Amino acid sequence: MSSWHTPARHADRRPLLLARNRIKSALRAHLERDGFTETDPGALCVSPGNETHLHAFATQLRDDAGRARDLYLHTSPEFAMKKLLAAGEEKIFAFAPVYRNREAGSPLHAPEFTMLEWYRTHAPYETLFEDCAAFLREAASAANTMTLRWRDRTCDPFTVPDILPVSEAFAKFAGLNLLTTIENGAGNRDALADQMHICNVRVGDDDTWSDLFSRVLVQCIEPHLGIGRATVLCDYPIPEAALARPSPKDARVAERFELYACGVELANGFGELTDAVEQRRRFTADMDEKQRLHGERYPIDEDFLAALAHMPPASGCALGFDRLVMLATGAARIDDVLWAPL
């Protein structure tokens, strides 16, 4: 955003920014009433996360002798907060500035934004669905609105969200039988490609199963989610849930969900994986794919894997706070609700 600091432009944005403050205060108060402790994870880390399509900002730490050590700005406070769970914390949250490269220029994306992330130990992951619903209500009330809005789409934040498994969404909106394409914890690319004619989604010769999954999700599924009422899209296939534990109901899916309102993805939650061996395997596979697609890979945080041995069963969620503010205020762009956008 150019010239956001001019008095006239700031006067236009100021009501949205004050609403942002009220929403943050309301969510913080809600969490503290529920017994959560606020944390403040640092942004510098040895690994920014090991997801294939997340891109980080790299930097160097130099000691007094000038020796350099590669570090990153975190893409999420997840690793640090899980280490706190391993250390003995039980219910924690953070309003964390996070940094993601290759995410500028979209009305819904900014290279630096605020993540509200929270964790509950010994809690079913479905508890996070209830947390998300409560946050929608709190945000709307703090913004003095009865309706969340993004462009021409609206959502009632006071109505209980619709709970929709991913496999049901693919069947309903794309006509695909997704679970038949998952074998031994991996996606069968050809099995999914053979169905793609049903929903008229393009198939490229070099597309992986994940490529096809994402294309169907974006083109056929997401536009229908969170319209009129919020949607919790849950039980993601194992190949799309690198940090989530397998579902006890079906080994082909994991305890991962995403919250949508007005067709906008707001939150991503998990029943957390605590098996260090399996987590290392998934990280390595994702970094191999990142190397293939983008020509780079990030290191694995060995301290994080070691902490998993001490981490109790937990569920956690990351919510895009700025996007929630956008929907509660009806803002057109994420820059409109950032105090000092880039």
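The model shown is predicted, which means the values in this text are computed figures rather than measured ones.
Side-chain contact between Leu233 and Leu217 is present, with at least one heavy-atom pair separated by less than 4.5 Å. At a threshold of 4.5 Å between non-hydrogen side-chain atoms, the residues Leu293 and His53 count as touching. Looking only at side-chain heavy atoms (C-beta outward), Leu259 and Leu136 come within less than 4.5 Å of each other.
In this structure, Leu16 CG and Arg333 CZ are separated by 13.5 Å, a value rounded to the nearest 0.5 Å. Remark: Leu164 CG to Cys234 SG distance equals 7.0 Å, nearest 0.5 Å. We find the OG1-CZ distance between Thr6 and Arg9 to be 7.5 Å, quoted to the nearest 0.5 Å. For the atom pair CG (Leu178) and CD1 (Ile221), the distance works out to 9.0 Å, reported to the nearest 0.5 Å. Between Ser315 atom OG and His122 atom NE2 the span is 11.0 Å, to the nearest 0.5 Å. Atoms CG and SG, from Leu73 and Cys45 in turn, are 7.5 Å apart once rounded to the nearest 0.5 Å.
Nearest heavy-atom pair across Pro299 and Val46 is CG-O, 3.2 Å. Of all non-hydrogen atoms in Thr284 and Arg297, the two that sit nearest each other are O-NH2, 3.9 Å. Minimum heavy-atom separation, Leu212 to Arg189: CD1-O, 4.1 Å. Contact between Glu255 and Pro248 at its shortest, heavy atoms only, is OE2-CD, 3.6 Å. Here the closest non-hydrogen pair linking Leu128 and Gly316 is CD1-O, 3.3 Å. Counting all heavy atoms, side chain and backbone alike, Asp286 lies closest to Ala242 at OD2-CB, 3.4 Å.
Using modelled atom types, no side-chain atom of Thr121 and backbone atom of Pro313 make a donor-acceptor pair closer than 3.5 Å. Of the possible donor and acceptor atoms, none in the side chain of Arg62 sits under 3.5 Å from a partner among the backbone N and O of Arg69. Using a distance-only test at 3.5 Å, with no hydrogens or angles considered, a donor-acceptor pair links the side chain of Lys290 to the main chain of Leu54. A donor-acceptor pair under 3.5 Å is absent between the side-chain atoms of Arg13 and the main chain of Ala8, judged by distance alone. A donor-acceptor pair is defined here as one N or O able to donate and one able to accept, closer than 3.5 Å; no such pair exists between the side chain of Tyr125 and the backbone of Glu272. Judged purely by atom type and a 3.5 angstrom limit, Arg256 has no side-chain atom pairing as donor or acceptor with the backbone of Gly269. Checked by atom type and distance alone, the side chain of Thr181 never pairs as donor or acceptor with a backbone atom of Leu192 at under 3.5 Å. Under the 3.5 Å distance criterion, the side-chain polar atoms of Arg215 are matched with a main-chain donor or acceptor of Arg202. Between the side chain of Asp211 and the backbone N or O of Thr208 there is at least one donor-acceptor pair closer than 3.5 Å. Between the side chain of Arg252 and the main chain of Ala186, no donor-acceptor pair closer than 3.5 Å is present.
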Side-chain donor-acceptor pairs of residues 147-161 under 3.5 Å, sequence neighbours excluded:
{"unit_1": "Asp156", "atom_1": "OD1", "unit_2": "Phe158", "atom_2": "N", "d": "2.8"}
{"unit_1": "Asp156", "atom_1": "OD2", "unit_2": "Thr159", "atom_2": "OG1", "d": "2.7"}

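For the residue pair Trp209/Asn188, the side-chain donor-acceptor check at 3.5 Å is not satisfied. For the residue pair Asn177 / Gln195, no side-chain donor-acceptor distance below 3.5 Å is found, with atom types taken as modelled. For the residue pair Ser76 / Glu117, a side-chain donor-acceptor distance below 3.5 Å is found, with atom types taken as modelled. In summary, the side chains of Ser210 and Glu240 do present a donor paired with an acceptor at a separation below 3.5 Å, with no hydrogens or angles considered. Tyr236 and Glu258 form a side-chain donor-acceptor contact under 3.5 Å, judged by distance and modelled atom types alone. Side-chain contact annotation: Arg102 with His109, donor-acceptor N/O pair under 3.5 Å absent. No donor-acceptor contact under 3.5 angstrom links the side chains of Arg281 and Gln279, judged on distance only.
Hydrophobic clustering, with ILVMFWY side chains joined whenever heavy atoms are under 4.5 angstrom apart, groups Leu266 together with Leu116. Cluster membership for Val166 and Leu225, using ILVMFWY side-chain heavy atoms within less than 4.5 angstrom, is shared. When the side chains of ILVMFWY residues are joined at heavy-atom separations under 4.5 Å, either directly or via intervening members, Leu243 and Leu319 end up in two distinct hydrophobic clusters. There is a path of hydrophobic side-chain contacts, each under 4.5 Å, that joins Ile182 to Ile198. When hydrophobic clusters are built by joining Ile, Leu, Val, Met, Phe, Trp and Tyr residues whose side-chain heavy atoms come closer than 4.5 Å, directly or via intermediates, Val253 is not grouped with Phe257.
Not less than 6.0 angstrom separates the ring centroid of Tyr72 from the ring centroid of Phe57.
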| query | Going through the distances and angles, do His30 and Phe135 end up as a ring-ring contact (aromatic ring centres under 6.0 Å, His included)? | reply | CA-CA 8 Å; His30 177 94; Phe135 293 159; 5.6 Å; yes

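Within the structure, salt bridge (charged side-chain N to carboxylate O under 4.0 Å, His left out) contacts touching residues 15-24 (residues at least two apart or in different chains) are Arg20-Asp322.
Screening Phe113, Trp118, Phe36, Phe321 against Phe95 for a ring-ring contact (aromatic ring centres under 6.0 Å, His included) leaves a single residue, Phe321.
Ring-plane geometry between His10 and Trp339 is classed as tilted, the angle between the planes lying from 30 to 60 degrees on a 0 to 90 degree scale.
Using a cut-off of 4.0 Å between Lys/Arg side-chain N and Asp/Glu carboxylate O, Asp301 and Lys83 are scored as salt-bridged. A salt bridge links Glu138 with Arg33; the closest basic N to acidic carboxylate O contact falls under 4.0 Å.
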